[in-house]
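Remarks on the structure that follows.
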Amino acid sequence: MHLAALLFASALSVGTLALDNGVMRTPPMGWLAWERFRCDINCENDPKNCISENLFIDMADRLAEDGWRELGYVYVNIDDCWSSMERDAKGRLQADPKRFPGGIHKLARYMHDRGLKLGIYGDMGTHTCGGYPGTTLDKIQIDAQTFADWEVDMFKFDGCYSNATEQEKGYPLMSKALNATGRPIGYSCSWPAYQGGLPPKVNYTLLGQICNLWRNYGDIQDSWDSVLNIVDWFFENQDVLIPAAGPGRYAFLKVF
Ligand SMILES: *[C@@H]1O[C@H](CO)[C@@H](O)[C@H](O)[C@H]1NC(C)=O
Ligand SMILES: *[C@@H]1O[C@H](CO)[C@@H](O)[C@H](O)[C@H]1NC(C)=O
Ligand SMILES: *[C@@H]1O[C@H](CO)[C@@H](O)[C@H](O)[C@H]1NC(C)=O
């Protein structure tokens, strides 16, 4: 009886701590373009590897046809360098028309038709890390709405080209803006990685309330040394990182 009451209480407290958008109750699994494909936009000379709708369609086919989806790998995530260098006439982000001729909405439908989910990338700041249009504080609402209109399922918000004050405003504001669209969109915050990843600079209580997922450490490179280095960091800081995680709020190892 005592144990049952205790379990109930802890389940309740997790429920109130986590971002209440219903998604990512278990750790999200899937594929992200960055580690392997970076900002390769050279589709003329490197059509198989460039950041284009074909790449994400290919990966979706692999997840859906080779058994990955059944194991839970359902997210297909676009990273940087997907967009056009210009916003459209209404101030909205738009996909590069040559590399994504069908547009992001069509790509999201392609995923959904196969039981998969689409993730997209943006940056809290004047530019993305790769130099594409960023999401400054005044653009947060319109960008959240654009992603919802496209039926995107997850959004990674990077933090290049903004300072700590802007990030402190922008990350919670985006959480509110995504919620206001009415579409449940998993929210992945790179914020802690820009603050050294650890308390007291990073407030994991707050992060758990506004984000489903967070980035705390460096980019993974294509080497075992890099994997080890990241695993070591998580091992060394596990006392801080473990209590921060729970249903709806997870650390995001850029390994997937
Ligand atoms: C928005 O937030 C409210 C309150 O936390 C929650 O009940 C609702 O499910 C959220 N909606 C979305 C789409 O995230
Ligand atoms: C952060 O950037 C904003 C907008 O560019 C600027 O007004 C502010 O002074 C900056 N704050 C710090 C601490 O650098
Ligand atoms: C961390 O954020 C929580 C939730 O917003 C807040 O209650 C708490 O005071 C913050 N902690 C620190 C040390 O700022």
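Throughout, residue positions are numbered sequentially from 1 according to the sequence presented. Numbering of ligands and ligand atoms starts at 1, following listing order.
Under 3.5 Å, the side chains of Asp225 and Ser223 contain no donor-acceptor pair of N or O atoms. Side-chain contact, Ser84 with Asp96: no donor N or O sits under 3.5 Å from an acceptor N or O. Asn216 and Tyr204 share a side-chain donor-acceptor pair at under 3.5 Å.
Listed by chain and residue number, the protein contacts of ligand 2 are Asn163, Thr165, Glu166 (heavy atom within 4.0 angstrom).
Residue Thr205 places no N or O, backbone or side chain, under 3.5 Å from any N or O of ligand 3. Considering backbone and side-chain atoms alike, Asn21 places every N or O at 3.5 Å or more from each N or O of ligand 1. Checking only distances, Asn179 does come within under 3.5 Å of ligand 1, N or O to N or O.
The Asn203 neighbourhood of ligand 3 comprises atoms 1 (C), 2 (O), 3 (C), 8 (C), 10 (C), 11 (N), 12 (C), 14 (O), with distances under 4.0 Å to a heavy atom of that residue. Less than 4.0 angstrom separates some heavy atom of Leu206 from each of these atoms of ligand 3: 2 (O), 5 (O). Atoms of ligand 1 lying under 4.0 Å from any heavy atom of Arg183, numbered from 1 in the order shown and given with element: 13 (C).
Using a distance-only test at 3.5 Å, with no hydrogens or angles considered, no donor-acceptor pair links the side chain of Trp233 to the main chain of Tyr217.
Test Ser188, Cys129, Ser190 against Tyr121 for side chain to side chain contact (heavy atoms under 4.5 Å, CB included) and you get one pass: Cys129.
Partners of Gln141 under the side chain to side chain donor-acceptor pair (under 3.5 Å) rule, at least two apart in sequence or in another chain, do not exist in this structure. Contacts of Asp149 classified as side chain to side chain donor-acceptor pair (under 3.5 Å), with partners at least two apart in sequence or in another chain: Gln145.
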When the side chains of residues 43-53 are checked against the rest of the protein, which donor-acceptor pairs come out under 3.5 Å, sequence neighbours left out?
from  : atom 1 : to     : atom 2 : distance (Å)
Asp46 : OD1    : Asn49  : ND2    : 2.9
Ser52 : OG     : Asn54  : N      : 3.3
Glu53 : OE1    : Gly102 : N      : 2.9

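Distances from ligand 1 to the non-hydrogen atoms of Gly182 include at least one value under 4.0 Å.
The number of heavy-atom neighbours closer than 6.0 Å to CD of Gln238, taken from other residues, nucleotides and ligands shown, is above 12.
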